[in-house]
Amino acid sequence: MKTSSLPVLRRTLTATAVAGGTAALMLAGVSGASAHVGVTPDKTTANSYALLTFGIPHGCEESGTTKVTITLPAELNDAQPTVNPNWTAEKVTEQLAEPKKLADGASITKRTSQIVYTAKAPLEPSLRDALVLSVKLPDVAGKTLYFPTLQNCEVGQTDWSQLPAEGQDPHSLKAPAPSVTVTASAAADGHTAHAAASDTTPETVQAAAVNDDGAQARSWAGLVAGVGGLALGGLALARGRSNKPVPAGASAPGSAPKE
């Protein structure tokens with residue numbers, strides 16, 4: 001490698017190190033913020049069927065999670081748990097004080113009040129998992145639905161059930177309940193189908209939800225790709241300078257002068 005290319009490579013490596021350090025700090029912040037049970041819907045439009053993915057992190061310090069009980073808001077009548085090979089799932093029903101009339105005219109006297117996931121083996125505190133429920137969202141645009149979640153561990157438990165006061169930031173709570181806000185459908189607000197699509201979030205996949213609602217997975221990938229691209233670009237520049245052709249008429253280093 002020519003000596004002249006060393007400063008270029010040195011600057012490139014320095015910039016890469018700085019970018020890597022920034023990425024590490026950003027990821028550390030993301031990890032800290034993701035230490036609570038959260039929920040990511042694949043859609044939020046009123047009166048639609050949605051998949052709600054609950055990200056389960058460590059909740060009891062160094063103790064493994066053994067059971068997760070998700071309480072459904074009163075606006076929901078049922079939920080269908082998605083099979084997860086690491087857990088067993090069961091529905092808990094409750095008798096209603098009086099029959100509840102549905103939109104189609106039918107009435108119900110019982111509803112599913114909780115979904116209980118029991119771990120086949122304790123979920124280690126260093127790992128995360130995702131539990132997915134299929135629900136039909138109510139026809140109440142603007143309504144925020146809360147899902148108080150009790151996380152039982154081998155030692156201790158964490159009750160994610162705190163609700164924010166009016167105007168309070170939910171992130172300021174120590175153990176906030178997971179929540180989903182219902183949005184208006186295109187038919188309800190008069191918008192086009194394109195506008196309705198923009199109201200929904202991208203479809204959630206279980207692997208992405210493990211890294212805190214899928215958003216973290218995309219953020220991490222973007223940061224890694226950016227740092228990698230910077231490093232490759234610098235190396236390519238240094239290589240290009242070292243391989244620069246010798247101008248016509250000039251003597252290559254170490255060659256004998258022309259007679």
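By convention here, the first residue in the shown sequence is residue 1. Since the structure is predicted, the reported quantities are computational estimates derived from the model, not experimental observations.
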Colleague: Is the ring pair Trp160/His36 parallel, tilted or perpendicular, if the boundaries are 30 and 60 degrees?
Modeller: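 Rings of Trp160 and His36: tilted, as their planes differ by 30° to 60°.
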
Colleague: So Leu133 and Thr82, side-chain contact (heavy atoms from CB on, under 4.5 Å) or not? Walk me through it.
Modeller: CA-CA 6 Å; Leu133 302 181; Thr82 300; over 6 Å; no

Colleague: Answer whether the closest heavy-atom distance between the side chains of Gln168 and Leu173 falls below 4.5 Å.
Modeller: yes

Colleague: When you measure from the side chain of Ser161 to the backbone N and O of Pro148, does any donor-acceptor pair fall under 3.5 Å?
Modeller: no

Colleague: Within the structure provided, determine whether Val37 and Thr158 are in side-chain contact (heavy-atom separation under 4.5 Å).
Modeller: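 No - every pair of side-chain heavy atoms lies 4.5 Å or more apart.
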
Colleague: Could you check if a side-chain atom of Thr109 sits within less than 4.5 angstrom of a side-chain atom of Gln95, using non-hydrogen atoms only?
Modeller: yes

Colleague: Find the distance between CG (Leu150) and CD1 (Ile70) and round it off to the nearest 0.5 Å.
Modeller: 11.0 Å

Colleague: Looking at every heavy atom in both Ala89 and Pro81, which two are closest together, and how far apart are they?
Modeller: CB-CB, 4.0 Å

Colleague: What disulfide (SG to SG under 2.5 Å) pairs are there with at least one residue in residues 38-79, not counting sequence neighbours?
Modeller: Cys60-Cys153

Colleague: So which heavy atom on Val135 is nearest to which on Ala79, and how close?
Modeller: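 Shortest heavy-atom separation between Val135 and Ala79 comes out as CG1-CB, 3.7 Å.
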
Colleague: I need the Asn47 CG to Ser185 OG distance, nearest 0.5 Å.
Modeller: 7.5 Å

Colleague: Between Lys136 and Asp78, does any side-chain N to carboxylate O distance fall below 4.0 Å?
Modeller: no

Colleague: Given 3.5 Å as the limit, does a donor-acceptor pair link the side chain of Glu94 with the main chain of Ser113, or not?
Modeller: no

Colleague: Mind running side-chain hydrogen bond (donor to acceptor under 3.5 Å, both in side chains) on Thr44 and Thr183 for me, showing each step along the way?
Modeller: CA-CA 6 Å; Thr44 58; Thr183 57; 2.9 Å; yes

Colleague: With a 4.5 Å cut-off on side-chain heavy atoms, are Val68 and Thr149 touching?
Modeller: yes

Colleague: So, for Asn84 and Ala130, which heavy atoms are closest and what is the spacing to 0.1 Å?
Modeller: ND2-O, 2.9 Å

Colleague: Do Phe54 and Pro178 touch side chain to side chain, with heavy atoms closer than 4.5 Å?
Modeller: yes

Colleague: Looking at CD of Glu124 and NE2 of His58, how far apart are the two atoms once the value is rounded to the nearest 0.5 Å?
Modeller: 13.5 Å

Colleague: Is there any ring-ring contact (aromatic ring centres under 6.0 Å, His included) pair reaching into residues 73-103, and which pairs are they, with sequence neighbours excluded?
Modeller: none

Colleague: Checking one residue: Tyr146. Which other hydrophobic residues are in its cluster under the side-chain 4.5 Å linking rule?
Modeller: Leu163

Colleague: If we count only N and O atoms by modelled type, under 3.5 Å, do the side chains of Thr144 and Thr181 hold a donor and an acceptor together?
Modeller: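 The criterion, which ignores hydrogens and geometry beyond distance, is satisfied for Thr181 and Thr144.
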
Colleague: Enter the distance from Asn86:CG to Asp129:CG here, rounded to the nearest 0.5 Å.
Modeller: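 Spacing of CG (Asn86) from CG (Asp129) equals 5.0 Å.
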
Colleague: For Tyr117, give me all partners under ring pair (Phe, Tyr, Trp, His ring centres under 6.0 Å), at least two apart in sequence or on another chain.
Modeller: none

Colleague: Less than 4.5 Å apart, side chain to side chain, heavy atoms only: is that true for Ile56 and Gln151?
Modeller: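 Side chain of Ile56 against side chain of Gln151, heavy atoms only: contact under 4.5 Å found.
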
Colleague: Answer yes or no: is there a side-chain heavy-atom contact under 4.5 Å between Leu72 and Arg111?
Modeller: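 Yes. Closest side-chain heavy atoms under 4.5 Å.
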
Colleague: If you round to the nearest 0.5 Å, how far is OG1 of Thr65 from CG of Leu127?
Modeller: 10.0 Å

Colleague: Using 4.0 Å as the upper bound for N to carboxylate O, is an ion pair formed by Lys143 and Glu75?
Modeller: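 The answer is yes: the pair qualifies as a salt bridge.
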
Colleague: How would you list, by chain and number, every residue that makes a side-chain hydrogen bond (donor to acceptor under 3.5 Å, both in side chains) with Thr69, sequence neighbours excluded?
Modeller: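 Scan of Thr69 (side-chain hydrogen bond (donor to acceptor under 3.5 Å, both in side chains), adjacent residues dropped) gives none.
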
Colleague: So do the side chains of Val39 and Val180 get within less than 4.5 Å of each other, counting heavy atoms only?
Modeller: yes

Colleague: If two hydrophobic side chains count as joined below 4.5 Å and joins carry through other members, does Leu131 share a cluster with Val116?
Modeller: no

Colleague: Please check if the number of heavy atoms outside Glu62 that lie under 6.0 Å from its CD is greater than 12.
Modeller: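 Count not over threshold, so no.
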
Colleague: Is it true that the side chains of Glu154 and Thr66 contain a donor and an acceptor less than 3.5 Å apart?
Modeller: no

Colleague: Considering residues, nucleotides and ligands other than Lys120, do more than 12 of their heavy atoms fall under 6.0 Å from its NZ?
Modeller: yes

Colleague: Would you give me the side-chain donor-acceptor pairs under 3.5 Å for residues 99-106, sequence neighbours excluded?
Modeller:
unit_1	atom_1	unit_2	atom_2	d
Lys100	NZ	Ala74	O	3.4
Lys100	NZ	Asn77	OD1	2.8
Asp104	OD1	Ala106	N	3.0

Colleague: For a quick test of reading the model, state the closest non-hydrogen atom pair linking Leu76 to Leu137 and the distance between them.
Modeller: CD2-CA, 4.4 Å

Colleague: Does a sphere of radius 6.0 Å around NZ in Lys91 hold more than 12 heavy atoms from other residues, nucleotides or ligands, not counting ones at 6.0 Å or beyond?
Modeller: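 Correct, the count exceeds 12.
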
Colleague: If I compare all heavy atoms of Pro170 with all of Pro164, which pair ends up nearest, and what's the gap?
Modeller: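 Smallest heavy-atom distance, with atoms named: CG-CG, 4.0 Å.
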
Colleague: Compare every heavy atom of Val140 with every heavy atom of Ala46, then report the nearest pair and how far apart it is.
Modeller: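 Heavy atoms only, the tightest pair is CB-N, 4.1 Å.
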
